[in-house]
Amino acid sequence: MSAQPSLAASTGVQPLQRDFFARHPRRVARDLLGKVLVRSRNSKNGVGPVVLAARIVEVEAYLGENDPAAHAFAGKTARNSVLFGPPGYAYVYFVYGNHYCLNVSCQREGKAGCVLFRALEPLIGLETMARARGTVLKGPRDLPKLTSGPGRLAEAFGITRARDNGSDMVSPQSGLWIGDDGLYRGRVLITPRIGITKAADQPLRYLVAGNAFVSGRKRVT
DNA sequence: ATATCGATTATCT
DNA sequence: GATAATCGATATG
């Protein structure tokens, strides 16, 4: 037994294996629904470790060099090099001069592919997320604005390219990882991807049916 | 409730 | 110089 309980133990979440990500982005995207994104890092004022956790409820698959909408489409560059590396690593990019977006690499070295995180359902550390978002929680109505949308969830988790690009999302020690708590059951809905102009018709967006934290307008299904 | 628009900068042509 | 895997504010029904 270690002196401190492991983060996996304290959150009740077991990290995913590398193999999970060594598959086609469509498979990975589908199977990421219901898993848990965990942030752990030392706090600045030394009060204690910061732990954030949220359930993944909406993602999009990007298919690499054959997908006109993917950052990997034009080949490997300094910006997207993580996508061409091994699976299970964080690809963080900056967009519209304002926001960071989080992806996880898939498939295998040399074969780019990834999944974009679009919405989360907060589980642990809601107040910290609200602070990071520059808001104060007054009621349940405020919760979706914390983590519904790729830019919002990145801000809530304090994700930046400088800090997190290239992090190993299979290792709790990296401070940003994905795990399974075995609790989730939900129905999956598949729709076209959002906010893109190329290949906008392909159904590569995966979401949990009826979940209140999914981004975009409410939908009756 | 839905539509439109401006902000702001890394990256690529 | 143009564009962008977005968000929040403002305008309008």
Side-chain angles (χ1 to χ4, degrees), chain A residues 21 24-26 28-30 32-33 37 54 56-85 87 89-107 112-120 122 129-138 141-167 169 176 178 189-207 212-221:
Chain A
F21 299 98
H24 194 280
R26 265 189 285 250
V28 178
R30 163 69 177 74
L32 274 177
L33 291 179
L37 179 69
I56 299 164
V57 298
E58 179 188 351
V59 293
E60 282 175 358
Y62 285 85
L63 310 187
E65 292 184 277
N66 295 322
D67 179 1
H71 286 183
F73 185 61
K76 184 176 177 177
T77 67
R79 178 209 205 187
N80 67 19
S81 63
V82 171
L83 298 178
F84 291 83
Y89 288 81
Y91 168 51
V92 180
Y93 66 89
F94 189 61
V95 74
Y96 291 113
N98 281 307
H99 310 285
Y100 290 100
C101 293
L102 172 68
N103 304 253
V104 61
S105 64
C106 300
Q107 288 179 310
C114 65
V115 173
L116 168 71
F117 292 75
R118 286 200 56 92
L120 309 171
M129 294 183 203
R131 209 177 316 130
R133 291 272 299 128
T135 63
V136 178
L137 292 177
K138 300 198 294 184
R141 281 295 292 169
D142 301 328
L143 289 180
K145 285 212 291 260
L146 252 35
T147 52
S148 85
R152 288 171 179 165
L153 72 87
E155 189 173 32
F157 270 64
I159 290 167
T160 66
R161 180 167 169 92
R163 178 184 293 146
D164 299 299
N165 190 55
S167 292
M169 302 195 77
L176 186 65
I178 305 169
L189 223 55
I190 307 176
T191 78
R193 293 176 293 189
I194 288 182
I196 56 172
T197 54
K198 303 161 213 157
D201 52 327
Q202 297 197 47
L204 292 170
R205 171 174 176 249
Y206 297 76
L207 57 100
F213 293 86
V214 165
S215 73
R217 285 210 234 320
K218 296 233 166 168
R219 197 170 289 242
V220 190
T221 16

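Note that the structure is a prediction, hence the values are computed from the model and not measured. Per chain, numbering begins at 1; letters A, B, ... match sequence-line order.
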Presence of Arg152(A) side-chain N/O under 4.0 Å of dG8(C) phosphate oxygens OP1/OP2: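 Answer yes for this pair, as a side-chain N or O of Arg152(A) is under 4.0 Å from OP1 or OP2.
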When you measure from the side-chain N and O atoms of Arg118(A) to the phosphate of dT6(C), is any distance below 4.0 Å, counting only OP1 and OP2?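 Yes.
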Atom pair [atom1] ([X]) and [atom2] ([Y]), whose distance is rounded to the nearest 0.5 Å:
X         : Y         : atom1 : atom2 : answer
Ile178(A) : Phe21(A)  : CD1   : CZ    : 4.0 Å
Asn103(A) : Phe117(A) : CG    : CZ    : 8.0 Å
Asn80(A)  : Asn165(A) : CG    : CG    : 10.0 Å

Give a yes or no on whether the backbone of Ile194(A) and the side-chain of Glu60(A) come within a donor-acceptor separation of less than 3.5 Å.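 At least one qualifying donor-acceptor pair exists.
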Give a yes or no on whether the backbone of Val92(A) and the side-chain of Arg161(A) come within a donor-acceptor separation of less than 3.5 Å.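 Present.
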Without decimals, in angstroms, what is the distance between [X] [atom1] and [N] [atom2]?
X         : N       : atom1 : atom2 : result
Asn103(A) : dT6(C)  : CG    : C1'   : 14 Å
Leu146(A) : dG8(C)  : CG    : P     : 11 Å
Lys145(A) : dC7(C)  : NZ    : P     : 13 Å
Leu116(A) : dT6(C)  : CG    : C1'   : 11 Å
Tyr93(A)  : dT11(B) : OH    : C1'   : 13 Å
Asn165(A) : dA10(B) : CG    : P     : 15 Å
Phe94(A)  : dT3(C)  : CZ    : C1'   : 14 Å
Ile196(A) : dT6(C)  : CD1   : P     : 9 Å

Determine which bases of DNA chain B form Watson-Crick or G-U wobble pairs with both distances under 3.5 Å, and write the result as a 5' to 3' dot-bracket string with | for other-strand partners. |||||||.||||.
Quick one, which residues of residues 63-80 of chain A touch DNA chain B with a heavy atom under 4.0 Å?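 Only Thr77(A), Arg79(A) qualify.
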For Tyr62(A) and dA5(C), do the ring centres fall under 5.5 Å apart while the planes stay under 30° apart?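 Yes; centroid distance and tilt both under limits.
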Touch check for Gly151(A), heavy atoms < 4.0 angstrom, all strands: base, sugar-phosphate only, or nothing?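 Since only primed, P, OP1 and OP2 atoms lie under 4.0 Å of Gly151(A), the category is sugar-phosphate.
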Decide, yes or no, whether a salt bridge links Asp67(A) with Arg193(A) under the criterion of side-chain N to carboxylate O below 4.0 Å.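 Arg193(A) and Asp67(A): salt-bridged.
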If you look at every heavy atom in Lys145(A) and Arg152(A), which pair is closest and at what distance?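 Distance-wise, the nearest heavy atoms are O-CD, 3.5 Å.
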Ignoring hydrogens, what is the shortest heavy-atom contact between Ala72(A) and Glu65(A)? Give both atom names and the distance.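 For Ala72(A) and Glu65(A), the tightest heavy-atom pair comes out as O-CG, 3.3 Å.
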Toward the 5' end of DNA chain C, by each residue's nearest nucleotide, Gly97(A) or Leu153(A):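 That would be Gly97(A).
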Name the orientation class of the two ring planes belonging to His71(A) and Tyr91(A) (parallel below 30°, tilted from 30 to 60°, perpendicular beyond 60°).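 Taking Tyr91(A) first and then His71(A), their aromatic rings stand perpendicular (interplane angle over 60°).
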Checking side-chain contact (heavy atoms from CB on, under 4.5 Å) for the pair Leu120(A)/Leu146(A): CA distance, chi angles, key distance, verdict? CA-CA 9 Å; Leu120(A) 309 171; Leu146(A) 252 35; over 6 Å; no
Of the candidate nucleotides dA5(C), dG8(C), dA4(C), which contains the atom at the shortest distance from the side chain of Thr197(A)?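 Minimum distance to the Thr197(A) side chain belongs to dA4(C).
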Can you tell which of dA4(C), dA7(B), dG8(C) lies closest to the side chain of Lys198(A)?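 My answer, after comparing the listed nucleotides, is dA4(C).
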Closest-nucleotide ordering on DNA chain B, the 5'-leading residue of Arg161(A) and Tyr96(A):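 Whichever sits nearer the 5' end wins; that is Tyr96(A).
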